[in-house]
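First, the structure itself, so that you have it in front of you.
Each chain gets a letter, A, B and so on, in the order its sequence line appears, and its residues count up from 1.
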Amino acid sequence: MPRGLYVYNSLSRQKEIFEPLNAPFVGMYVCGPTVYGDAHLGHARPAVTFDVIYRYLIHLGYRVRYVRNITDVGHLEHDADEGEDKIGKKAKLEQVEPMEIAQLYTDRYHADMERLNVCKPNIEPRASGHIIEQIEMTQQLIQKGYAYEVNGSVYFDVEKYNQLYRYGILSGRVLDELEAGAGNERRQLKQQTEKKNPHDFALWKKANPEHIMQWQSPWGKGFPGWHIECSAMSAKYLGERFDIHGGGMDLLFPHHECEIAQSNACFGKIPAKYWLHNNMVTINGQKMGKSLGNFITLRQFFSGKHPLLEQPYSPMTIRFFILQSHYRSTLDFSNEALKAASKGYKRLMNGLKYIKSLSFSAPESVSPQEKHLLEIEEAIRQFYQAMNDDFNTAVAIAALFQMLKKINQLFVGQIQPSLLGEDGFNKLKNYFITFTEDILGLLEEKPMYPEKAIQLAVQHYAEAKQAKNYAKVDEIRAHFKEMGLVLRDMKDRIEWAYDEN
RNA sequence: GGUCUUGUGGCCGAGAGGCUAGGCAGAGCUCUGCAAAAGCUUCCACAGCGGUUCGAAUCCGCUCAAGACCUCCA
């Protein structure tokens, strides 16, 4: 299909043609969750975004190795001096093993992602399973003179690195200016650390005796620093240089900046060729995040149990909602927007369900009109063009609705399949299904009753209708409504569909 | 204080110098026991003020507003 995929590279701040280092292979690393709480809408965004990128690359014929990590150690709660990590803190509160917490939330994350129809990554490495790799990388950095040990902790020497390379290449920061505007409080805090320089970041942290998560290292007992896991694990599974590194925009600095510094100092190359960052989900115009406490978990969306939610929103509604905006724009949460997404999604699914049930037939009397074929091909072109333009799913979905229009015209019998011609019909059907299901990952959320039971009820409805027993008819309609379904009386038949309200 | 981004119709959300985005909502028509759905038609825009241009929502400047990062965060 159409070649020429362009992606926005945060490193160059512009769109670049996507050319893998070793086509047809593509290595993609995306920063996954820290598993100490349930995933919220903000976690769904990168998961869905990079899921579609993954699916599209595969669709284009690339052989993708997708690595998404699980952070189950190492992220510090306040600042490095406190030396308490998030997983450990929660575990102490709940009197369980830290790994139990990590396991629990990993499982819950997996379940949530499955409901969102997010593909599993090919490799999902855990930080705790790669302590050795992280220690080795830290040792190498010490050997090369880019890291130093103080009291059982090891820090990356940003000043030293910046002499040869440029710290800030990704985020556009200049080292000398970094500290300039920092408030007094922060400056005082930073001066108390054992770091040579406030910008230096931990590769390895010494653990206090009461600290539960700790491992033996050449520098005593401790745990890995904030950023080293991604450098160590991406290098292990994708090589020292790979194609795509993704994550949320809030990770751009310092996380990804530090990753680049570490990996570059260690291996002499910037780890990824393309750096892709999704924008934030906002709520009342503000970033949805853990620290602000203004987040709504995915489970709360699915159940509707949150004060801000007027109703539950299904996983596919959430997915569709995310895909309706471009991944580099902020996406504002509101009940109105979600409800609109829900309706749009269901309309799309009704079309999908119908076109799947339809096959081409051509009575001799009707001959195809080229106009239809051209319109179908135009929509297909628009879809690819949109996806090739930095994965513009919003425009891609607009193309899908163009195709839906044709499907609905078939549905109400305004046009016949034969009018599209066999080629036109097959293109409409096959591309619509491929685009919707395979690339965008939007699936029907099937009713909880088997198709056969529903067909039986449809029959009863038809009979009541025939007998003009309108009381019965209305009763059956009400039952369908309860199931989230509706009945549609067509001229020549009766169909059931998903209720769009 | 620094770096950066954004401001589009009732709501959400694309686009990016001249050509319909799209979804949801609203109005009308067709269809219908009543519906529902769909189709067709239709209303409603580019924060403000200047400038560049034959032409600006799109480029430049200023003003106002909102937000992100500089600390763990997707």
Give a yes/no on whether any side-chain N or O of K491(A) is located under 4.0 angstrom from OP1 or OP2 of rA38(B).
-> no
The single option from F253(A), Y161(A), Y155(A), F156(A) passing ring pair (Phe, Tyr, Trp, His ring centres under 6.0 Å) against F201(A) | F156(A)
Spacing of the C1' atoms in rC24(B) and rG9(B) (rounded, Å) = 13 Å
Between Y274(A) and F242(A), does the ring centroid distance fall short of 6.0 Å?
-> no
Please work out if M249(A) contacts a base, only the sugar-phosphate, or nothing of the nucleic acid, heavy-atom cut-off 4.0 Å.
-> nothing
Describe, in one word, how the ring planes of F435(A) and Y384(A) are oriented to each other, choosing from parallel (under 30°), tilted (30 to 60°) and perpendicular (over 60°).
-> perpendicular
The correct set of residues in residues 111-128 of chain A placing a heavy atom under 4.0 Å from RNA chain B is none
Would you please indicate if the ring centroids of H227(A) and H256(A) are separated by under 6.0 Å?
-> no
Could you check which of rA21(B), rA38(B), rC73(B) has an atom nearest any side-chain atom of A394(A)?
-> rA21(B)
Determine the Euclidean distance between corresponding P atoms of rA57(B) and rA25(B); express it in Å to zero decimal places.
-> 30 Å
Return the value, rounded to whole Å, for the distance between atom CZ of R166(A) and atom C1' of rU3(B).
-> 12 Å
With a 4.0 Å cut-off on heavy atoms, is D474(A) in touch with a base, just the backbone sugar-phosphate, or nothing at all?
-> base
Base-pairing mate for rU3(B) - Watson-Crick or G-U, with both contacts under 3.5 Å = rA68(B)
Considering Watson-Crick and G-U wobble pairs with both distances under 3.5 Å, what does rA27(B) pair with?
-> rU41(B)
Using the C1' atom on both, measure rA66(B) against rA47(B) and round to a whole Å.
-> 11 Å
Which whole number of Å gives the distance between the C1' atom of rA27(B) and that of rU53(B)?
-> 39 Å
Near Q311(A) CD, under 6.0 Å, is it more than 12 heavy atoms from other residues, nucleotides or ligands?
-> yes
Give R347(A) one of three labels, base, sugar-phosphate or nothing, depending on what nucleic acid heavy atoms sit under 4.0 Å from its own.
-> sugar-phosphate
Ignoring hydrogens and angles, answer whether the base of rC11(B) and the side-chain atoms of K339(A) contain a donor-acceptor pair closer than 3.5 Å.
-> no
Just name whichever nucleotide pairs with rC59(B), Watson-Crick or G-U, keeping both distances under 3.5 Å, else none.
-> rG51(B)
